[in-house]
Every structure is written in structure tokens, then in C-alpha cells.
Chemist: 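Let me begin by handing over the structure; questions about it come next.
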2 protein chains.
Amino acid sequence: MKKMNSTNQHNLETIRAICGTAHALSVIGGRWKPTILHLLLHGKMRYGRLRRVIPGISERMLVLQLRELEKDGLVRRIVYAEVPPRVEYELTEEGLSMKPMLESISAWGRYHHAKNQTEQEENEEEELAKKLEQVLGDLTP
Amino acid sequence: MKKMNSTNQHNLETIRAICGTAHALSVIGGRWKPTILHLLLHGKMRYGRLRRVIPGISERMLVLQLRELEKDGLVRRIVYAEVPPRVEYELTEEGLSMKPMLESISAWGRYHHAKNQTEQEENEEEELAKKLEQVLGDLTP
DNA sequence: CAGAATCCAAAATGATACTG
DNA sequence: CAGTATCATTTTGGATTCTG
């Protein structure tokens, strides 16, 4: 059990190759990609603006994710030969082809999130009710 | 710069709360969940069978992912009081509601995978052509 | 059979300082 | 401005052993 010689990596690659869903998720997955893609769906954007509007992202992550998206052919990087430098990012045609999928995911996500939200609240209410019952039980036998 | 007290965790939660897509991805994401969900879309399945048909998954991961899916209300765990024990897993109604989304993701994934595949081959052909040119160039000035 | 528990490796993310 | 480089930390995944 010295080296696992990346069974991990191997498993990942295998699954990506067989399963379309896994492949898609590996492309749009990661913590920040959904947000970046969402923003770029509305039009091109400069690097600095992206950094400022995405709350909490580090420069390292932003560049990294952008580079991956670029490598996957979803995002185009446009460099203007100016000073101070200016770089814009925009979706390619292939990137735009994700729109229906992204909307489908987003819709289900919001639906599920809302549902779980209310369930949680119900659970909390139940717990509260239980505690209340205990307390009251002691007082009113 | 001692403790980051999980800015990581915080960022994740924030994004999940704001962005439907990120929330959905955190639910169906992970290396094995797409495969598990895909299998369960075809009907209920026993634990052992899941383990056997998913190539390369470890028991730990299988149980872990199933538990998460259960917690998120997508999968139901059915225990039969028999010996030897028997446990089956099936999608809940909420789990089934993912079907259109999953198909949309899978379709795009396969499309994108195929496209990148051919692009890679084209690149390889180009490289090959270049090398060939170099070799031939030396021979036929 | 279906898993729980433990321990370790690898990948993802974050903070920060520096540069053309 | 738009990054790059480096290092620390957090999270995820895998192997193995044990149990009701």
C-alpha cells in the first residue's frame, strides 16, 4: 500500500470516457465554473470585473478555471495590445451550446433547494415542538 | 495566516445558496453519483449489485455517496428483515424528477466529448503531418 | 450480505507576495 | 491590469481490516 499510482486518476478518466454525464460535470464542475459561465452567458467580461463580481474567489482560482474552460473550448480569451493591458473573456459557440443544459440544471437546483429548505424548517419546527412538549410535560402532568 | 477557518467551506455554502446550478451540482456531483443515479433510473437495485456493476468503486465511496443521496431525498433505502440481509436502493419521486436534467447533461456531455475527441485527433494528425514534412523536407529540398 | 472504521494519498482550494 | 509563483490547508477518494 505504498503508491496508489493514481487509481483515483484512472477511475476518473474511465468514468468520464464512458459516462456523458460525468464528462459534462467534469467540464462545468468545480466550485466556480457555474458562476463564471453564468456571468459570461450575459456577454463578454474583463478579467478584473469577473474577479470583482465573484465574491470570495481568489485570483489563482479564477485564472485556473478560466484556463480550463478555455482548454475545453468553451471560453475565448481576447487580449488587447494596450497599456494598461486589457483582457476579455467570452463564450465560444460551443460554450453557448451549454445554455439549455445550464438552465435545466439551474431550474432543478432552485427547485430542490427550495424544497429542502422548507423540509429543514419543518424538521426544526418538529424538534422545537418536541422540546416544548418535554418542558410542558414536566409542568402539566 | 495560521488558520483559514474554512473559508473554503464558507465559500461553498454561499455559492450553493445563491446559485441554483452550484446547488444542483453539489447534489449530483462527486465522482460516482452520476453513475449511481443512472443505474437507479432503471429501477431499484441491491447494494451488492451496485458494487459489482460499478467498476472500480470502493465500498466506502459507494456507501458514502448513497448516504448523501439519501440525505438529499433522492434515494430511498429499503432494508428487508431477512438473513442474510438484503438492502435495496431506489429513487424517490424527487430523485425521478432529475431525469430531464440528467438527460440534458448527458446529451451535452456526449456531444462535447465526441467533438473534443475529433479535435484531438485532428491535432494529432496535424502534428504528424508536420513531422512528416520535416522528414520529407530534408529529403526533397 | 451490507456495511462501519481507520488510516493514508491525492486533488482542490485559499492566502499572499511578486511581476511584465 | 492581469496575471504567476509558492506554500498552507481543506476536502475527497482509496485500501484494508473488522463486524452484526
Chemist: In whole angstroms, how far is the P atom of C:dG14 from the CG atom of A:Leu62?
Modeler: 11 Å

Chemist: Which whole-number value in Å describes the distance from B:Met61 CE to C:dA9 P?
Modeler: 16 Å

Chemist: Expressed in angstrom and rounded to an integer, what is the separation of B:Ile15 atom CD1 from C:dA12 atom C1'?
Modeler: 14 Å

Chemist: Specify the separation, in whole Å, of atom CZ of A:Arg60 and atom C1' of D:dT4.
Modeler: 11 Å

Chemist: Quick one: salt bridge (charged side-chain N to carboxylate O under 4.0 Å, His left out) pairs with a partner in residues 24-41 of chain B, sequence neighbours left out?
Modeler: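 Passing the test, one end in residues 24-41 of chain B: B:Lys33-B:Glu68.
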
Chemist: Could you check how far CD1 of B:Ile54 sits from P of D:dG14, rounded to whole Å?
Modeler: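 Rounding to the nearest Å, CD1 of B:Ile54 and P of D:dG14 are 12 Å apart.
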
Chemist: For DNA chain C, determine which residues of residues 26-38 of chain B have any heavy atom closer than 4.0 angstrom to one of its atoms, and list them numerically.
Modeler: none

Chemist: For B:Thr7 and C:dA15, is the shortest distance between a side-chain N/O and OP1 or OP2 below 4.0 Å?
Modeler: yes

Chemist: For A:Leu64 and D:dA5, give me the distance from atom CG to atom P, rounded to whole Å.
Modeler: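 Answer to the nearest Å: 12 Å.
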
Chemist: Taking the inter-plane angle between the rings of B:His38 and B:His42 on a 0 to 90° scale, is it parallel (under 30°), tilted (30 to 60°) or perpendicular (over 60°)?
Modeler: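 Ring orientation, 0 to 90° scale: perpendicular.
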
Chemist: Taking 4.0 Å as the cut-off, does a side-chain nitrogen or oxygen of B:Asn11 come that near to OP1 or OP2 on C:dG14?
Modeler: yes

Chemist: What is the separation between atom CD on B:Glu68 and atom C1' on D:dT11, rounded to the nearest whole Å?
Modeler: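 That distance rounds to 12 Å.
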
Chemist: Would you say the side-chain atoms of B:Ser97 pair up with the backbone N or O of B:Glu94, donor to acceptor, closer than 3.5 Å?
Modeler: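 Confirmed, B:Ser97 side chain pairs with B:Glu94 backbone.
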
Chemist: I'd like a table of atom pairs between the protein and nucleotides 1-3 of chain D - only N or O on both sides, under 3.5 Å - with the distance next to each one.
Modeler:
| unit_1 | atom_1 | unit_2 | atom_2 | d |
| --- | --- | --- | --- | --- |
| D:dC1 | O3' | A:Arg46 | NH2 | 3.2 |
| D:dC1 | O3' | A:Pro85 | O | 3.2 |
| D:dA2 | OP1 | A:Arg46 | NE | 3.1 |
| D:dA2 | OP1 | A:Arg46 | NH2 | 3.0 |
| D:dA2 | OP1 | A:Val87 | N | 3.2 |
| D:dA2 | OP2 | A:Gly48 | N | 2.9 |
| D:dG3 | OP1 | A:Arg67 | NH2 | 3.4 |
| D:dG3 | OP1 | A:Arg77 | NE | 3.2 |
| D:dG3 | OP1 | A:Arg77 | NH2 | 2.5 |
| D:dG3 | OP2 | A:Tyr89 | OH | 2.8 |
| D:dG3 | N7 | A:Glu59 | OE1 | 2.8 |
| D:dG3 | O6 | A:Glu59 | OE1 | 3.2 |

Chemist: Which atoms form the tightest heavy-atom contact between B:Ile15 and B:Ala22, and what is the distance?
Modeler: CG2-CB, 3.2 Å

Chemist: In this structure, how many angstroms lie between the P atom of C:dA12 and the CG atom of B:Asn8, rounded?
Modeler: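 B:Asn8 atom CG is separated from C:dA12 atom P by 13 Å.
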
Chemist: Would you find a donor on one side and an acceptor on the other, under 3.5 Å apart, between the side chain of A:Ser104 and the backbone of A:Pro100?
Modeler: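 No; zero donor-acceptor contacts below 3.5 Å.
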
Chemist: Under a single-linkage rule joining Ile, Leu, Val, Met, Phe, Trp and Tyr whose side-chain heavy atoms are separated by less than 4.5 Å, which residues share a cluster with B:Tyr80?
Modeler: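 Hydrophobic cluster check, B:Tyr80: joined to B:Ile78.
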
Chemist: Please name the pair of heavy atoms, one in A:Tyr89 and one in A:Leu40, separated by the smallest distance, quoted to 0.1 Å.
Modeler: O-CD2, 3.5 Å

Chemist: Would you give me the side-chain donor-acceptor pairs under 3.5 Å for residues 46-64 of chain B, sequence neighbours excluded?
Modeler:
| unit_1 | atom_1 | unit_2 | atom_2 | d |
| --- | --- | --- | --- | --- |
| B:Arg52 | NE | B:Gly48 | O | 3.4 |
| B:Ser58 | OG | B:Met61 | N | 3.3 |

Chemist: Could you work out, with side chain to side chain donor-acceptor pair (under 3.5 Å) as the rule, every residue matching B:Arg76, not counting sequence neighbours?
Modeler: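 By the side chain to side chain donor-acceptor pair (under 3.5 Å) rule, B:Arg76 matches B:Glu90, B:Glu93.
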
Chemist: Nearest heavy atom decides the nucleotide; on that basis, is B:Ser58 or B:Gln9 closer to the 5' end of DNA chain D?
Modeler: B:Gln9

